[in-house]
Amino acid sequence: MAESRGTFGSKLGVVLASAGSAVGLGNIWRFPTEVGNNGGAAFVLIYLVCVFIIGMPVMLSEFVIGRSTHANTATAYQKLAPGSWWRIQGGIGVFVAFIIMCYYVVVSGWTLYYCFESLKGSLQHTAEDPNYFSTVFDSFVADPYLPVVFAVLFMAMVHLIIVKGVQNGIERFSKLMMPMLLLIIGVLVVCAFSLPGTEEGLRYLLKPDFSKLTASAVLSAIGQSFFSLSIAMGCLCTYASYFRDDTNLVKTACSVCVIDTFVALLSGFIIFPAVFSVPGLEPGEGAGLVFKSLPYVFSQAFGGMPVMGYIFSLLFYMLLFLAALTSAISIHEPVTAYLHEVHDMSRRRAAVWVSVVCMVLGVICSLSFGVLSNVKLGSLGIFDCFDALPSLILMPLGGIIISLFTGWRMDRKLLNDQLTNNGHLKFRFLSTYVFLLKWVIPVAIGLVFINQFV
Ligand code: TRP
């Protein structure tokens with residue numbers, strides 16, 4: 001089996017593919033939404049702490065687990081802890097990736113639709129009413145066909161990349177898309193800084209007001225850091241299983257966290273100046289921020305220069321789409337690799353199964369904004385359930401299990417060998433790292449986790 005597995009070809013490929021997984025809707029759509037919901041700069045600060053104290057060590061653990069076993073997530077835990085209950089984390093990882101995929105394609109489909117709409121110029125509508133685009137969005141997502149068609153289209157693209165394999169599909173594609181994505185984001189920041197709301201937007205993002213900080217904001221910050229870094233659900237563990245033995249895991253984890261955080265902050269630098277440039281818009285608009293408020297900004301903020309608004313909107317939705325695509329392939333991969341390796345299917349067949357089943361569930365998620373909107377579990381609709389189960393329960397739980405597993409159970413020599421590539425590199429923080437994994441991270445996540453239920 002080991003010979004037939006793919007590997008990443010270059011160091012750059014490794015970093016760009018992992019960063020491609022991390023940088024996604026989480027950075028450009030979810031991060032500004034969370035910042036807006038939780039009161040701005042104070043949340044950003046807590047988020048940064050979460051990324052570097054909790055997220056990065058857990059990411060490193062996933063890299064170690066994946067690279068030391070060169071196996072899909074489920075097999076990886078089985079190899080490292082045969083016969084013990086730690087193995088369940090492997091299964092949880094694959095399951096969470098699967099669940100997330102089902103609703104991720106829906107939102108990704110929206111980004112594709114908005115690319116087309118901005119290309120057509122429909123977002124140039126010069127409506128006086130700030131709610132115009134809100135109505136447009138609500139009726140679009142409630143439509144029984146249109147969002148489904150775009151979700152299917154998006155899934156087909158993901159599928160085509162996945163079946164090409166690790167080096168020719170995932171790596172090649174990430175190397176092409178990630179630089180493009182960074183370029184687009186750079187251009188957009190420059191555009192956004194020419195808007196009248198720049199100062200207020202930057203103040204909102206950078207000047208903390210701790211009186212607005214609540215316990216639930218801390219929970220959201222942990223959840224957001226996990227989501228944004230793609231950790232605790234087997235994605236990075238699976239990618240790491242394709243790393244070569246000379247890949248520097250510590251450096252890779254640092255680079256990915258820095259790139260991911262950088263992109264999240266930059267998208268804040270784009271979105272908040274834009275939102276503050278139009279009177280009547282609020283940063284705490286919620287999930288509709290980039291789909292409802294921004295089109296209005298594009299049509300209004302560039303007053304005399306509609307061309308600028310056109311370019312800005314097209315680039316922005318392309319950015320969102322590309323980011324979603326590189327992340328979606330990383331969510332697809334753990335499930336495909338699992339079926340391929342554990343259930344002995346060909347890679348192509350495994351990919352088809354994953355795509356088709358996710359698509360069916362994705363369609364149901366999508367319909368929950370329209371015809372199925374009455375189907376509810378408690379107060380949550382179907383789409384919300386697919387989001388809440390992983391992000392409120394399975395991901396925090398996964399984070400705890402992964403850090404306890406690496407801290408307490410994993411052979412210390414194996415850990416050290418992985419982090420130093422068998423002594424070829426230096427890693428001076430082993431004891432701090434292990435201390436974080438054994439105590440700090442599980443307790444922090446545990447407290448926050450319990451807090452949400454009381
Ligand atoms: N991190 C990606 C983002 O920011 C999303 C993502 C990729 C993800 N893989 C994941 C989220 C696995 C949860 C689980 O959009």
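Counting starts at 1 for both ligands and their atoms, following the listed order. Worth knowing before you read on, the calculation uses all heavy atoms, side chains too, and leaves out hydrogens, waters and symmetry mates.
Between the side chains of Ser267 and Asn27, not a single donor N or O lies within less than 3.5 Å of an accepting N or O.
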Side-chain donor-acceptor pairs of residues 251-258 under 3.5 Å, sequence neighbours excluded:
unit_1 : atom_1 : unit_2 : atom_2 : d
Thr252 : OG1    : Asn248 : O      : 2.6
Ser255 : OG     : Lys251 : O      : 2.7

Just distance, no hydrogens or angles: give the donor-acceptor pairs under 3.5 Å from side chains in residues 87-98, sequence neighbours left out.
unit_1 : atom_1 : unit_2 : atom_2 : d
Arg87  : NE     : Ser84  : O      : 3.0

Residues 46-65 side chain polar contacts: donor-acceptor under 3.5 Å, at least two apart:
unit_1 : atom_1 : unit_2 : atom_2 : d
Ser61  : OG     : Pro57  : O      : 3.1
Ser61  : OG     : Thr406 : OG1    : 3.3
Ser61  : OG     : Tyr433 : OH     : 3.0
Glu62  : OE1    : Cys237 : N      : 3.1
Glu62  : OE2    : Ala232 : N      : 2.5

task = Apply side-chain hydrogen bond (donor to acceptor under 3.5 Å, both in side chains) to Ser230 and Ser21, showing your working.
result = CA-CA 7 Å; Ser230 311; Ser21 164; 2.9 Å; yes
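When atom types are taken as modelled, the side chain of His340 and the backbone of Ala350 share no donor-acceptor pair closer than 3.5 angstrom.
For a heavy-atom separation below 4.0 Å, the residues in contact with ligand 1 are Ser21, Ala22, Gly24, Leu25, Gly26, Asn27, Ile100, Tyr104, Phe227, Ser228, Ser230, Met233, Cys235, Ser327, Ser330, Ile331.
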